[in-house]
Amino acid sequence: MDSAAELLAHAYGQARSRLPEACRPTSLEASETVQREVLALRNKLPGAWKVGRLDGLLYSALLPVAKPSSIETGPLLIPAGTKVELELAVRFRASISCNDVATLTFSDLPDICDLIVLFELVGSRFDARASPDRFEKLADSVSHLALLTGNRFETWSLQTLTSPQATLFENGTAVVSHTGNHPALPLEALFSTWQARCVRERCDVHQGMIITWGSLTGVHPILADGHYRGEINGVVVECDVTIATPDVSGLGTWVA
């Protein structure tokens with residue numbers, strides 16, 4: 001029987017039912033192991049972390065290296081059903097050993113990281129009729145497809161991260177806005193969850209590695225080709241997208 005990682009790795013751009021019970025992860029640690037195995041099977045280097053809460057469970061999901069967002073390179077091909085999230089993320093300015101990661105505090109971040117704006121593109125590998133449990137969703141890195149990084153803040157503080165103003169534009173029209181506290185507060189708890197996983201797995205932080213803190217504008221469906229622009233406190237990320245017809249032979253050209 002295929003492993004959970006093999007089934008999820010081969011489901012990019014497709015949809016499947018729940019994982020077979022024999023290989024279904026039943027703990028946070030098992031889901032985290034599947035995340036790493038999926039990256040290896042897809043020949044993707046780990047380079048980012050997605051932190052959040054899922055059905056009451058705090059998590060840190062390991063993601064592939066983020067892609068710089070650029071409208072100059074032409075439209076990005078995405079699978080049908082893709083959704084977009086506008087997020088804030090921190091990007092480490094220098095590498096940090098696992099031992100030093102263990103001593104970091106949330107308040108250290110402005111001194112060692114840039115604050116950037118990004119899009120996360122999401123699309124579940126599970127069929128809409130399936131009802132995966134939280135550990136299956138975590139094994140799937142909570143529907144992650146790709147991170148598209150935008151501009152960075154010239155200066156920032158923890159207040160910038162925890163109380164942002166954000167707007168998502170679709171073809172020039174504002175479709176979702178957020179003002180006030182970050183929906184994922186308290187972010188310190190998510191930082192501690194990420195830190196604990198790094199210590200547990202002996203993970204070093206590499207220069208340029210990203211932690212993204214979750215959507216400020218919900219999960220917005222991309223229903224047609226178009227231009228997307230996100231602004232958070234005046235800092236911008238933007239991209240053009242084209243919806244590709246599902247075709248297994250063409251998966252290599254997709255954002256995933």
Check whether any side-chain N or O of [X] sits under 3.5 Å from a backbone N or O of [Y] as a donor-acceptor pair, and report yes or no.
X: His220; Y: Ile222; result: no
X: Ser163; Y: Gln159; result: no
X: Asp204; Y: Cys98; result: yes
X: Arg125; Y: Gly123; result: yes
X: Thr242; Y: Pro75; result: no
X: Gln195; Y: Leu104; result: yes
X: Glu87; Y: Leu118; result: no

State, to 0.1 Å, how close [X] and [Y] come at their nearest heavy-atom pair, and which atoms those are.
X: Cys239; Y: Ser69; value: CB-OG, 3.5 Å
X: Leu63; Y: Ser141; value: CD2-CB, 3.9 Å
X: Leu19; Y: Pro25; value: CD1-CD, 3.8 Å
X: Val101; Y: Cys198; value: CG1-CB, 4.0 Å
X: Val90; Y: Trp156; value: CG1-CH2, 3.8 Å
X: Phe126; Y: Ser124; value: N-OG, 2.9 Å

Hey, are the side chains of [X] and [Y] touching, using non-hydrogen atoms and a 4.5 Å cut-off?
X: Ile78; Y: Ile243; value: yes
X: Val117; Y: Thr149; value: no
X: Arg229; Y: Val236; value: yes
X: Leu28; Y: Leu57; value: yes
X: Lys67; Y: Leu147; value: no
X: Val84; Y: Val241; value: no
X: Leu161; Y: Trp213; value: yes
X: Arg36; Y: Leu39; value: no

Using distance alone, with no hydrogens and no angle criterion, decide if [X] and [Y] have a side-chain donor and acceptor under 3.5 Å apart.
X: His227; Y: Asp240; value: yes
X: Glu120; Y: His144; value: yes
X: Gln165; Y: Thr179; value: no
X: Thr103; Y: Asp100; value: no
X: Glu170; Y: Tyr228; value: yes
X: Thr193; Y: Ser60; value: no

What distance separates [X] [atom1] from [Y] [atom2], expressed to the nearest 0.5 Å?
X: Leu109; Y: Arg91; atom1: CG; atom2: CZ; value: 14.0 Å
X: Ser27; Y: Leu138; atom1: OG; atom2: CG; value: 10.0 Å
X: Ser31; Y: Asp140; atom1: OG; atom2: CG; value: 10.5 Å
X: Thr212; Y: Lys50; atom1: OG1; atom2: NZ; value: 8.5 Å
X: Arg197; Y: Arg202; atom1: CZ; atom2: CZ; value: 15.0 Å
X: Cys113; Y: Ile96; atom1: SG; atom2: CD1; value: 6.5 Å

(request) Output yes when Arg24 and Asp133 qualify as a salt bridge under the 4.0 Å nitrogen-oxygen rule, no when they do not. (result)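 No, this pair does not count.
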
(message) My understanding is that a hydrophobic cluster links ILVMFWY residues whose side chain heavy atoms are under 4.5 Å apart, including indirect links. Using that, what else belongs to the cluster containing Val122?
(response)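 Reading the cluster by chain and number, Val122 sits alongside Val219.
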
